[in-house]
Structures are given as C-alpha cells and as structure tokens.
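Comments concern the structure below.
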Amino acid sequence: MPAAAPPRLSCEWSSRTRDVFQKDFKKQLHSEEVLDHPLKPLVVTMSESRIIKLRTVGGSTTSSTRSSTPTPTQSSLYSMDPLGAALEGSDPLSQLASQQKIDPLSAMAADSWVEPIEGKRGKEKITSTTVVDDGMRETWASRKAGILCKFTTSEKLSIVTSFLSGGEKVIVKAQGSVVDKVRTRLEQLDDFEEGSVRQMLDLSQQEYMGRIEQLNSELVQAWHQDQRVKALKIAIQCSKLLVDTSVIQFYPSKFVLITDILDIFGKLVYERLRTKSDYYAPGSKFPTCLPENFTPDMVPESAKETCRNWFYKIASIRELVPRLYVEMAILKSYSFLTSGEFSQALMRLTRMVRGIGDPLVSVYARCYLCRVGLSINSSDRAYLRENFYDFLAMYNQLFSASVRMDLVLQKVDLSTYLTLYTPALDYILQSVAHDATEKTLAEILDRCKRKGNSALLFNTIMAAFKPAYVAARATQFVELLTCCDEEGFPKYLLFRTLGLCLSLADPPAEHCLQILNDVWKVVSKLTNPAQYVSCAEVWAQYVSKHLATREVNTFLGDIIKHMSVGRAYENHYASLQTVMERVLAHANDFETLLTMDKFLPMLDIFQKESVKVEVCKSIMSHYTKTYQFQTTNDPVITNALMFICRVMHDSVNALTVEDEKRQIGNLICSFVKRVDFARDFEQQLSFYVEARASFTNLDVIHALLVQSVNRLAVDTRCIVKGHHTRKTASFVHACAAYCYITIPSINSVLMRLELYLLSGQVALLNQCLGQADACLKAALSLIPDVPKTMEVDGKQRTSEPYIVSYICNFLSTLLIVPDSPEQGVLYLTRGLLNVIQTYSWDQQSTGRSTVYLHVLDMLAAAAQETYPYHIDMVDSNDVLYGSDPKFITELNRMCSVVVEEVLSHLKYLGTSELYQKQSSLALELLIRIAVKADLSKPDLATLALNLWNLAQRHGCMDLKLAVRITEYMKKRFSSSNDDVYADFISKLKIKS
C-alpha cells in the first residue's frame, strides 16, 4: 500500500504579545557563594606509598618510599585560590622542567653505554661512568663530552693491537692440574709479548675511535666467553696506547676513550670476585651474596686467592704505564683482601707515577689515579695533594728544551700544548679543593707563586677552588695575574677565568669598581678581537650586576670601540649576543638602560638580520618580564622600544614560520599594551595610529590595536557617562573610523568578522549609528567568505558551528540596532536573511535551520512593545515604531518566510530519511510556535499539532524530551484564561 501523505506544513505567522518583564524575565535562579571552582574536575586524592627498588650491578637492593599525599600547606594554598586550583599550582611543562634539570641530549652525551653483559647474576648494564666523583662540583662524566669535542685532530693516527681485523686464533688446550692451567696462561702472555701484534697506520680520528670501540666490544665478549687472559691482554694493549704522544693534541680525547675501557675491565673483575665470594650463612643451604659494605673477613679464601692472582698477573707486566693503569683499574678489588690496603696502594701508585718521563702522560696517569681513588671512598685524601705537589715538582719540565723541540716537530705551539694539561690538572686540583678550607688555597697559591710561567697554575686554582674563596681574594688575584708571565698561557684566559669566578660569587662591595678598572687596563689593550670579546662576554655579568648604569654604559662603549675596528663584530655575533643577554638579565633599572646613549648603538653592531632579530626579541622578553604590570609614556623609552619592535616586525616575510610570527607578534603586543598616556586619549590614539603604520604584517597586532581603540572609546563614554560633548563625540567617531579602516588589513576572515561585530557594538554604545551600521554591513558581506573548514585542536572541522554561534551573537545586537530612516524596515535583518539564503550550507546538517530558528526568536522579540534590553541614549525600534501595525505586519511576514524555510528543510530531511534530525527540528519549531506565536490563529495551531505528529511519525522522538515539553507547556499556560491554549495542550499526546 502507498505510504500515507505527511501532514500539511505551512502557515502565516502572527506574533504573540507578551509582558516580558512581568512574566518571562522575572524569575531568577537562586545564587550562593562558593569557594571551589565550579568547572574544576573532581579529583580523588589517594595516599599511597611506592617502593622503588634499585638493583645495582653487584646485586644489592635499595629501596626508597615516596608518598603522594599533599602537604597541608599545599592543600590550604589550593583552597584559597579556586581558579588557580584548577591547574594544581603549575602547568605540566613547568612541572616537567622542574623534574628534569638536564635535557635528554646532554644526559646521553654524559653517559657512554656499552652492550649489556650477562653473567651469573643476570643481565646487567656496565657503563664507563661507574666511577663516581664523591660529590665534586663537576664530575668526570660531565667533563668527558667536552673533552671529546674540544681535543680533536686531522692528523693520521696509529694503533697497535692483535685483536682487530680478525683478531688472534684462540687455542684451547687440555688443562689438567692447577700447574698446567697456570703454565698455559703464562704461555699466552708470552705469546702476546713476543709477537702477533700488528700496527694499523694512517687512521682518521673517526676510524681510530671506531677501532677503540671494537676493542671495547672484544674485551666484553672475551669476558663472557671465560677468556680472562684475552680480556687482560686487551686491557694491557689499551693501556699501552696511552704511552703514544705522536699526535699530541688528540691525547686528552684518547685518554677518555681508553680509560672508559679500563673502567669496564675493572668493574668486570670486581663483579667476578664478588660472584666467587658467595658464602653460606650458618644453617643455610643456599649461597648468600656479599653485601655492598662487606668486610674482608666475610670473603672466602678461594676468592681472596683469585684476587691475589689478578694482582700478581698485573705485577708481571713489564712496562710501567700499562702496569700502572691496569692496577689502577682494578684497585677497588683490594677490598677483598684487606681494608687498610687502599691508602698504601694509592700512595705507592702515586710514587710509581714519578717514573713516567713524559709530563703529559704523567699528569693524565695522576688524573686517573685520583678518579679511581675517589671511587673507593677512602678516608685518606693525602694522595690527592701528593699528586698535585708531584706535578708542581716537575712543572718546569713543561718548558724544557726537549719538550719545545718535540712541539716544533709536531707543529704545535706552546699555548696549545699547555691547554692539553687543563682537563687532567683541573680534575686533580678540584679533587684537592673539594671541601678544602681557605688555608689550603693559601698554601697552594704560595707554592705556585714560586714557579715561573705560573699562568697555567693560577688558571687551574681559580677553576678548582670555590668561587667564594677566589672572590674574597679578588684584588690579590688581579695583582698576580697582571704580573704573570704571558709565555705559553695567554693572559686573557686568566682574566676570563677570574670573571667566571666573580660571576658566581660576589667580591667585597668596596672593591668592585677597582677590580674592574685594574682588569680592564689589561683587557682593553688586547688587539685580538676574539680574545677581547671572550673576556667581555664574561665580565658583562659582573659589570651589570655590581656596578651602576654609568659604568655599564662605558663598558658597552668600549666594546663598540674594539669590535668596530675592521668590522670585527661580524665574526663574533654569538659572544656579543651573550654580552647583551647578561646586561639585560642583571640590569637594575631597565628603563634607564634603554635611555643610555650606548645601548642602541650596541644593537646596531648586529648587522646580520637573524642575529639582530634574536637580540631584539631578547630585549623585549626581558622588558616584558621586568615590567609585567607597569606602563610607560616616556617618549625616549617609547621610541627606543618602537625601534626595537620595528626591527622584529620588518624581519617577517612570506617564508617566516608561524611560530616565529606568533613570538614576534606577542612581544610587540606586550609593548603596545604597556604604552599608556593616562587621560590623554588623543595622544594615545596618535600612538595607535603610529603603531598601525609601523606594524603592517601581523594580524595579531592589528587585532590588538582595534581592540585597544575600542577600549579607548568605551573609556571615553564612561568618563562622560554617556553624555558626549562635541569634542568627545568627534573623538569616538575618530575611534570608530580607525577601527573601520584598520580591520580590512587583517588577513584572517574569522578575526575580521569578530572585530567588525565588536566595533559595531562599541560604535552603537557611543551613539555612532552610521559607523555601527557600516561595521555590521561589512560583517554581513564577509560571512560568505568564511572557509568551509577550520582547524580546531589540530584537526580540520566544519565551520558551520562557528557560523551558527556568530550569527546568534549578531542577532542579539541587531535587536537593538535602530533602523536608518534612509533604509527600509529591519534592513540589516533582511540583509542577514539574504546571506543565510545564499550561504552554502551542508544539507545533511541542521545548521541553516538552527540559524532560522534564532532569527525567529529575534523577530518575535522585536514584535514586543518593550525590548528586553537597550543601550542608553540609543532609541531602538520599539521606541521608533511604537508597535505600529505596519511594523508588526512586516515582522509577521518575515517570520512566515523564515518558517517556510524551516518547513522546507524538514521536508528535505524526510525525503533523505534523516528522521532523527527531522524529529528534533520539528520539536524545536513547535516550541517556537507555541511560545512566540498566537495560537488563536487556526493555521498556527494546526501547524503546531502537525509538527508534534511529525516528530513522532517515525518513532525517533526523544520521549523524555517530549514529556518535559508537555509539562513545560502546561506550567507556562496554566495561568492563561484562553481556552485555545488549554485545547492545544490537551491534544499533545505521546504515542507509545
């Protein structure tokens, strides 16, 4: 059978007159004061304890307990600020930054991992940084990456080994007795001594490092295969590489690479001995591992014998350097024999190092001995000072004729040669200076003064001891450094190191200026721009932190003078940028800094655009942070900041990335916000005009300027309390004209839409009716240009929800906009309806019908005798027309057209079988007709009932919503004496 025809849906609208203030808007919701944020999500705080187990390589386990219960202080702080409590005190990025002090890349550079090794205790990771530095200010792990980066070479290197490029053939012999086993191992060592060693020549630095890594892997692999002798031989061969100084400038990096392997070898031996030291506790059937703090009496005799064998094997090594290094690598294993052996062994090894003839090899051997000594937690620190004093004893050898001759052969100058000592010497002296008193500093300083060419020693002392000790003796150090012989170690490095110390600790206040004057007498005579600027970037912090603006200005002037010679600044932008950063960070008065006559000329020496922009961004960032809640109208400061912002703005082009535009735009906006001329509104508007001319490329700045001018117009209205004089009326008209002219220069369509509506509302508020009409017309003409999709949370979404929301806001403004006498009735509303009609809507959605329903709401409100809201001193259409019948008739006709459009869409939804949307839309239109139309008209009542039936036609109506609608109707019209409404309500039956 053919389907039943749908009910007829058409009508002629007739608005219902309501007493708005007496009925519809009288009721208000009950309000109460709250202390918690109403939108804050519910958070359940649970108190729990987490036990974190950390298994070390030795097998011991430690645990720590953490509780997640907040402290009472934190809880009280959150309850005081309901808005701030929603973020729990800080944003996630700040929490991450507070938890992780070192970035992941730096952490990876500090640790050098090798393949996991697997032994009897399970799979464990051995790292080359297992040697700890006992709480020193700068650990060896943090130094390694810098050493490898600094001490490089392009020379060809060589390596002597028998374990690469195929290695050696391992012959496994039958071993019967212990004597046979020992004999076999001695034969293998003899084989190593006699031959099978090959030399690889002409290796690049990268190839050399690759070969070292191969040796590392070979050692670990041999250990896993129970080839202990082979592992020992690899360690010996690696140690022998440290004797070679043929490519002397690469020696510090070679030391780092080789000692990493020796650290791993020492750890493997130690763990092997711990494994063999498992013992049976009384009454236990299972072996027990040695605790971390075991004593020698807990070690079985068999393990002690194995330990002695290791030391005996190492003692049989013929050459001094390999014997020293390998014994130092396994020095910690002395803990299996006796607890008092460490002090004797450390002193013995210290004196053995005296047998190394090359001073460079000697100082790095002492460095490794200090590292190992610190790792065993020995209470005796006498060996540290002994190592340093031994170096002082042979210090003059660094300048001997034999050393100079070798440097000539390798084409290395003396200053480069001396810098090779700094990593080892710094570490040794820092070990001595750790927890040392000022008396120790005085003693060491007195010994170093007796040496000639003591610049290297003074530099090391300043780098090793606490900056507070150096700062307290700043004048003494300045005198020593000034009189120091400059041979081999340039004097500018000494003053640079002193500046670093004084940037970390404050010298006596009465000596601050004198220190700078004495230092700069030497530094200002430097003719090498690189040496000069390296000192200047360090002392910039000292000057800006301890001295007045006058000295800072003089300091910047001296930098400009030196760096302008031969355009030297072009090669030192990074250092000059650091100078600016430090001056800005420690400036006591930022505004005074901007008024200095050398500040902007200092900015001008950054000729490279990208660097200059970065400096300008830094200046504005510091200004924004320093004067976050302050304003200025000083013309000098304003002009200086305007120049800086213009530099940033002019760097923006078509290739600039969005994030860069955002940063620059935000910084310029922060400047615009902070310029305030108080009650001088005309001057303020003139500034906004100048800013508009200066910043033409960024939408965010134009948007801020439009909003700022609108705020200026609103402030003017507040001052005159809505009663404009001729002068104020002209001013607000100028503000409206400024906004109308500025908005078209913005590229973003959505931003233009919002600003046109806002500017129209502000113009209406100030009784500028012509400008308000112009802005609203411009907004209407812009709606068709809105893109069909927009980015929301990183995803492309349809823009229809935005259009619907915008038009609803627009309609709320149109209600109170008076009609122009030169135009027709509700001409702006007609224009909006035309835009809605021609806009390309998605037919599958209800966006267009939703807009029409809101238009119906607005037209129904416009038909009332009194509108629900007004603007002071602006007569809306309720006053202009006074409910004239012709005006009401025109409104009803427009409503009829709107209803026909909605009914047409209802029909389309039915033919497209979108019954759920059809049902919802039918109920929405029903509510409008029932509440806002005159149901005494038969056509309207019939239409409303047809809509009710249509909503239920396909069983898609929300029953709960239908019940609420009927109850609402009954409650709303219960006081009405009109039988029409009672009869209509009685016909609203819900089908089961």
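The figures here come from the full heavy-atom set of this structure, side chains too, leaving out hydrogens, waters and symmetry mates.
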Ring pair (Phe, Tyr, Trp, His ring centres under 6.0 Å) involving His572 - partner list, sequence neighbours excluded:
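By the ring pair (Phe, Tyr, Trp, His ring centres under 6.0 Å) rule, His572 matches no residue at all.
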
How would you list, by chain and number, every residue that makes a side-chain hydrogen bond (donor to acceptor under 3.5 Å, both in side chains) with [X], sequence neighbours excluded?
{"X": "Gln577", "result": "none"}
{"X": "Arg473", "result": "Glu438"}
{"X": "Ser651", "result": "none"}
{"X": "Tyr738", "result": "none"}

Can you tell me how the ring of Tyr421 sits relative to the ring of Tyr417, calling it parallel under 30°, perpendicular over 60° and tilted otherwise?
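Perpendicular: the ring planes of Tyr421 and Tyr417 meet at over 60°.
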
So, the side chain of Ser745 versus the backbone of Thr742: is there a donor-acceptor pair under 3.5 Å, distance only?
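Yes: the side chain of Ser745 pairs with the backbone of Thr742.
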
Can you list every pair that meets ring-ring contact (aromatic ring centres under 6.0 Å, His included) and has a residue in residues 632-685, with sequence neighbours left out?
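Passing the test, one end in residues 632-685: His649-Phe695, Phe671-Phe687.
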
Take Arg752 and Asp785 through the test salt bridge (charged side-chain N to carboxylate O under 4.0 Å, His left out) and record every step on the way to the result.
CA-CA 11 Å; Arg752 273 185 282 163; Asp785 296 336; 5.8 Å; no

N-O pairing of Glu660 and Lys617 below 4.0 Å:
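Yes, this pair counts.
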
Take Phe555 and Trp539 through the ring-ring contact (aromatic ring centres under 6.0 Å, His included) test and state the conclusion after the steps.
CA-CA 9 Å; Phe555 179 76; Trp539 283 89; 8.9 Å; no

Quick check: are there more than 12 heavy atoms from other residues, nucleotides or ligands sitting under 6.0 Å from CD of Gln630?
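Atom CD in Gln630 is packed in, count exceeds 12.
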
Which heavy atom of Val523 sits nearest a heavy atom of Tyr532, and at what distance?
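Val523 and Tyr532 have their closest heavy atoms at O-CD1, 3.5 Å.
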
